[in-house]
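Worksheet: the structure to be examined is printed underneath.
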Amino acid sequence: MLLKRVFLSGIILVAAGGAAALAYAWRGALPPIAPPAVTSFQPDEVRRGADLALIGDCRTCHTTAGGRTFAGGLAMPTPFGTIYSTNITPDPETGIGRWSLVAFTRAMREGVDREGRHLYPAFPYDHFSLTTDADLKALYAFLMTRDPVVAEAPANDLPFPINIRLVLAGWKLLFFRPETYVPDPSRDAPWNRGRYLVEGLAHCGACHTPRNLMGAEVRSRAFAGGEAEGWAAFPLGPHSPSRIPWAEAALGDYLRQGWQADHGVALGPMRPVVENLAEAPAEDVAAMARYLASLGAPAATFPPLPAAAPDMPGVPPQSAGWQAAIAAPGTGQPEGLRLFAAACASCHEAGRPLPLGGTDLALSTSLSADTPQNLLNVVLQGVPASDGQAAPIMPGFGSAMNDAALTALVAYLRQTVAGKPGWSDLPAAITAARDAAIPSPHAGAAR
Ligand code: HEC
Ligand code: HEC
Ligand code: HEC
């Protein structure tokens, strides 16, 4: 979605005759260096760089499924074409082996490569620009001490004129200013650390902040909710639709372990984020939670939940017998409830603890959010297995449920289980979710 809008902006800017932008657009090449020896970097600094790279999700975007870590080539599909991440291993020919620290810093802060070309903001330099010199130096030390991999990123498949990188100069002129982090002296050190990371390297807003028509984040509406790879990146802070407000401790646990008892499991594009944070320093993740919690919680609370499912005579509630009794034809129960009892209750009402059991769906933000997008994605695609990890698994019902069944099930979940008015755009959302039910490019990304 980001790129789609960036592309539009490109077309608009070219149409407007971006001659003025051209003057600003020209950036010189920085001289290549001989690849630095691994021993020229301090082990401490390399370790710090490794932690920062986890927080910045570098490997998530710069590694293909089954490919070598940091070797790039991950396809980022868009309706207009495909952009590929680049090789950021220190290979001198196909990676960044000949990049000086100055060139690396310019790329991270200004979105310009060593040769002076503008980079697409699919690379979130609009957040990375906040990173301090010391942290960029550590990241550089970490990357330059990885195994060099010979891997040429495939050429982007973008139509004219958005394949012209100069067009990006206009976008930057309008929407991008490199910033430095200014600590807030009225707050404590963890809060400042958390804010620095959330706004900077962790680029949480890249998904959770809405974007304008030209693909730039609307910073005045930070964390009001955005989109990523066909998933809703739910609003956070005061805009959060979560049934139980997110507390600092819950945020810390969710970000660190990938699930939280009152909120469920991180899914879709959020999953690699928490997998990375699981290995990052615990105090940094706790700092991020502190900052996020300080954004505030929604003023309004939800009404109490309606009783979700009726009792059936002669069988204990939520038992297998109850599920069978509800699901049986001719009981007069609503279609959506019968489908839930038949297809979902055995996992979601079994009381098996998270993360391996299914959560109480009344607590899931995917039922209380403004859009049915994530609920549909989960029901259609399921929760895929993770390589070599004990992780939650849910089957996808994409081929088992037709649109009428899906509509009845979703209406039941939304109105009866979550107690909210039905989504008005459901038929269109079902079509879109079925069309998009292709595996995420990040799913199963190699380490
Ligand atoms: C959301 C995906 C994403 C994340 C996260 C990401 N990158 Fe990238 N990065 C890209 C893409 C896409 C490009 C290529 C942009 C282009 O071709 O214009 C890129 C380009 C780069 C480049 C320029 C390389 C070149 O050869 O031009 C560097 C350096 C880089 N990334 C470093 C990093 C580091 C370090 C991190 C982690 C702190 C990181 N990236 C995280 C998507 C990402
Ligand atoms: C690549 C896009 C992306 C990035 C980057 C990202 N998120 Fe998310 N996030 C999502 C999506 C999509 C969801 C919804 C999926 C889900 O609930 O599992 C989500 C869900 C969440 C939730 C759960 C909200 C709720 O009410 O259920 C929290 C909290 C969250 N993200 C915090 C963060 C923080 C903090 C960061 C930065 C460290 C971050 N996210 C970075 C895409 C992203
Ligand atoms: C085989 C067990 C199983 C079945 C059957 C199953 N699920 Fe799940 N589901 C899971 C597990 C495990 C998770 C991940 C943990 C979690 O978040 O609940 C999950 C996650 C979800 C989530 C995300 C919850 C969140 O916010 O974290 C939704 C929504 C969901 N399932 C809906 C359904 C619906 C609707 C059905 C029936 C059509 C269904 N599930 C059937 C096991 C199952």
Side-chain angles (χ1 to χ4, degrees), residues 52-53 55-62 72 74 76 83-88 95-96 99 103-104 107-108 111 113-115 117-125 128 131 136 139-140 142-143 153 156 165 168 197-198 201-208 226-229 231-236 240-242 246 250-251 254-255 259-260 263-274 277 285 288-289 292 339-340 342-348 350 352 354-361 363-369 374-375 378-379 382-383 392-395 397 400-401 409-410 413 442:
L52 294 165
I55 294 170
D57 299 322
C58 316
R59 75 177 172 198
T60 304
C61 281
H62 283 277
L74 183 78
M76 302 189 168
I83 183 165
Y84 292 90
S85 66
T86 49
N87 180 349
I88 54 169
I96 58 169
W99 289 40
F104 176 74
M108 295 288 284
D113 77 1
R114 189 189 64 73
E115 285 157 89
R117 290 175 299 218
H118 290 285
L119 294 165
Y120 289 97
F123 168 37
Y125 53 80
F128 292 169
T131 311
L136 287 176
L139 269 170
Y140 179 75
F142 170 67
L143 289 175
N156 294 335
R165 287 181 181 271
L168 293 169
L197 292 174
V198 164
L201 270 181
H203 64 281
C204 311
C207 295
H208 287 278
E227 208 183 283
E229 299 167 31
W231 292 72
F234 296 132
L236 305 175
S240 165
S242 171
W246 282 93
L251 281 163
Y254 175 88
L255 293 174
W259 61 275
Q260 205 282 329
H263 299 276
V265 169
L267 300 169
M270 190 60 198
R271 195 146 154 183
V273 174
V274 294
L277 293 181
V285 179
M288 289 195 262
L292 283 170
L339 285 164
F340 174 77
C344 324
S346 63
C347 293
H348 284 282
R352 203 171 155 218
L354 283 173
L356 300 181
T359 197
D360 175 356
L361 290 182
L363 300 179
S364 172
T365 307
S366 61
L367 268 69
S368 56
N374 292 11
L375 174 60
V378 176
V379 174
V383 178
I393 298 179
M394 167 178 152
F397 293 84
M401 271 189 210
L409 174 68
V410 166
L413 291 172
H442 292 157

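Both counts, for ligands and for their atoms, begin at 1 and track the order of listing. In this chain, numbering begins with 1 at the start of the sequence shown.
- When hydrogens are left out, the protein atom nearest atom 26 (O) of ligand 3 is S364 OG, 2.6 Å; that is the closest non-hydrogen contact.
- Residue contacts with ligand 3 include L267, since one of its heavy atoms falls under 4.0 Å from the ligand.
- Here the angle centred on atom 8 (Fe) of ligand 3, running from SD of M394 over to NE2 of H348, is 180°, rounded to 10°.
- The shortest heavy-atom distance from V265 to ligand 2 is under 4.0 Å.
- Heavy-atom proximity to atom 31 (N) of ligand 1, evaluated over M108, H62, H203, is greatest for H62.
- Residue-ligand proximity: T131 is placed with every non-hydrogen atom at 4.0 Å or more from ligand 1.
- Only side-chain heavy atoms of L361 come within less than 4.0 Å of ligand 3; its backbone N, CA, C and O stay farther off.
- Residue contact annotation: I393 has a non-hydrogen atom under 4.0 Å from ligand 3.
- When T86, D57, L136, L52 are ranked by how near their heavy atoms come to atom 14 (C) of ligand 1, first place goes to T86.
- Among G111, C207, C58, G56, the residue whose heavy atom lies closest to atom 35 (C) of ligand 1 is C58.
- For Y120, a nitrogen or oxygen atom sits less than 3.5 Å from a nitrogen or oxygen atom of ligand 1, counting backbone and side chain alike.
- Residue contacts with ligand 3: T359 is placed with a nitrogen or oxygen under 3.5 Å of a nitrogen or oxygen of the ligand (distance criterion only).
- Considering backbone and side-chain atoms together, T365 places no N or O closer than 3.5 Å to any N or O of ligand 3.
- When the heavy atoms of W99, F123, Y84 are ranked by distance to atom 32 (C) of ligand 1, first place goes to F123.
- For ligand 2, none of its N or O atoms has an N or O atom of L292 under 3.5 Å away.
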